Amino acid sequence: MTHSPSVMNDSFARRVQEWYDGNARDLPWRRGGVSPWAVLVSEVMLQQTPVARVIPTWESWRQRWPRPAALAADSPGEAVRAWGRLGYPRRALRLHQAATAIVDGHGGEVPASYLDLLSLPGIGGYTAAAVATFGFGTRHAVLDTNVRRVYARVFDGVADARTAAPSRAELAVALERVPLTEPAHYSVAVMELGAVVCAARAPRCDSCPVASDCAWLAKGAPPAPSARRPQVFAGTDRQVRGRLLSVLRESPADVIVKPDLDVVWEDPDQRERALAALIADGLVVDLGDNRYRLPS
DNA sequence: AATTCGTGGCA
DNA sequence: TTGCCAAGAAT
């Protein structure tokens with residue numbers, strides 16, 4: 001049983017899309033002629049990394065590896081190198097694995113099917129929906145943190161969505177909100193609204209196209225009950241991993257000897273633990289004899 | 001379900 | 001200065 005979209009829903013979609021048409025940022029992956037592969041790469045790079053930092057790296061990847069087969073033919077270590085300082089370098093490894101899976105299982109073409117996309121390494125629910133939508137124009141619930149926040153505010157009257165992953169019910173409601181026509185236009189518009197107007201910290205409700213329909217604003221835009229645990233980084237294994245991998249990434253030589261890694265962190269226990277984790281993740285290869293390199 | 005996984009800009 | 005966090009995924 002399907003539900004016809006409400007009048008309010010139509011109004012919301014129309015207003016957000018019209019706002020987008022006059023206010024969208026000119027991001028390179030939104031321009032014409034961008035392949036589904038380039039869209040996929042952009043989506044993975046944008047996982048937890050700000051737009052401004054992604055743009056130059058995405059441009060260089062697009063030139064260097066214009067098709068999945070090109071990336072698959074190169075070494076995973078080159079992907080990690082070219083990842084630069086985007087953070088979470090396992091994403092680079094998974095992009096390489098995804099490229100290989102696309103070549104081996106899909107004839108070198110990015111699959112259009114949501115489930116096929118979901119089965120690729122590093123592609124979860126959000127990214128599969130985003131690639132299907134923005135790469136192929138099909139209709140899915142594109143539920144990222146921005147969209148969830150917009151919906152939480154406008155429709156639920158709360159400052160933010162739950163921190164847990166979206167439930168099946170939340171996904172179903174979100175899909176109903178996507179119009180049958182121009183689903184990609186709608187989804188990119190809601191994301192953009194959440195990113196630049198309905199922002200997490202300083203929302204610009206005075207320039208919001210749906211302010212008059214926003215349940216949260218109607219209640220005075222009450223802040224969220226700050227319950228988030230502080231995200232510590234300094235001194236963590238994560239920081240040590242970053243420093244270790246940075247040495248391998250930035251070095252012109254392929255092979256790095258142990259002393260060149262040891263200098264990045266004082267505590268030997270934590271250093272060894274972080275290095276072992278990088279090796280276990282496949283980001284670093286132990287060549288033996290105190291020699292290490294990026295995966296080849 | 002709660003943790004882990006980088007990085008750097010900004011209020 | 002430093003807390004905060006930016007288009008999540010995997011386990």
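When reading the values below, keep in mind they use all heavy atoms of this one structure, side chains included, and skip hydrogens, waters and symmetry mates. These figures come from a predicted structure and were not determined experimentally. Below, chains carry the letters A, B, ... as their sequence lines are ordered, and counting in each starts from 1.
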Review point. Hey, is the main chain of A:Val39 close enough, under 3.5 Å, to the side chain of A:Ser42 for a donor-acceptor pair?
Key: yes
**Study point:** A:Arg201, nearest nucleotide to its side chain (from C:dA7, C:dG3, B:dG8)
**Key:** C:dG3
Check your understanding: With a 6.0 Å cut-off on ring centres, are A:Tyr186 and A:Tyr20 close enough?
Key -> no
Review point. What does A:Trp83 touch in the nucleic acid at a heavy-atom separation under 4.0 angstrom: a base, only the sugar-phosphate, or nothing?
Key: nothing
Check your understanding: Below 4.0 angstrom, N of the basic side chain to O of the carboxylate: do A:Arg90 and A:Asp281 qualify?
Key -> yes
Practice item. Tell me what A:Ala200 touches on the nucleic acid: a base, only sugar-phosphate, or nothing, going by heavy atoms under 4.0 Å. Key: sugar-phosphate
Shorter than 3.5 Å, N or O on both sides, protein versus nucleotides 9-11 of chain C: list them out with atom names.
| unit_1 | atom_1 | unit_2 | atom_2 | d |
| --- | --- | --- | --- | --- |
| C:dA9 | OP1 | A:Gly124 | N | 2.9 |
| C:dA9 | OP1 | A:Gly124 | O | 3.4 |
| C:dA9 | OP1 | A:Thr127 | N | 2.9 |
| C:dA9 | OP1 | A:Thr127 | OG1 | 2.6 |
| C:dA9 | OP2 | A:Tyr126 | N | 3.4 |
| C:dA10 | OP1 | A:Gly122 | N | 2.7 |

Point to revise | Residues within residues 251-279 of chain A bordering DNA chain B, heavy-atom distance below 4.0 Å | key: none
Practice item. Have a look at A:Thr236 and say if it touches a base, only the backbone sugar-phosphate, or nothing, with a 4.0 Å heavy-atom cut-off. Key: nothing
Review point. Quick one: which of B:dT7, C:dA7, B:dG6 gets closest to the side chain of A:Tyr88?
Key: B:dG6
Practice item. Answer yes or no: is there an ion pair linking A:Arg81 with A:Glu78, defined by an N-O contact shorter than 4.0 Å? Key: yes
Practice item. Please evaluate the base of B:dG6 for a donor-acceptor partner in the side chain of A:Thr49 within a cut-off of under 3.5 Å? Key: yes
Check your understanding: Taking NZ, NE, NH1 and NH2 as the nitrogens, is one of them in A:Glu59 or A:Arg64 under 4.0 Å from a carboxylate oxygen of the other?
Key -> no
Check your understanding: For the rings on A:Trp61 and A:Trp83, is their centre-to-centre separation under 6.0 Å?
Key -> yes
Practice item. Please say whether the positively charged group of A:Arg177, taken as NZ for Lys or CZ for Arg, lies over the ring of A:Phe12, i.e. under 6.0 angstrom from the six-membered ring centre and within 45 degrees of the axis. Key: no
Exercise for review: Mind running side chain to side chain contact (heavy atoms under 4.5 Å, CB included) on A:Ile123 and A:Val44 for me, showing each step along the way?
Suggested key: CA-CA 8 Å; A:Ile123 308 294; A:Val44 172; 3.9 Å; yes
**Study point:** A:Arg148 bridged to A:Glu170 by N-O distance under 4.0 Å
**Key:** yes
Study note, to complete from the structure: Checking B:dG6, B:dG8, C:dA7 against the side chain of A:Arg149 (C-beta onward), the nearest is C:dA7
Review point. When we call it a touch if two heavy atoms are under 4.0 Å apart, what does A:Arg249 touch: a base, just sugar-phosphate, or nothing?
Key: sugar-phosphate
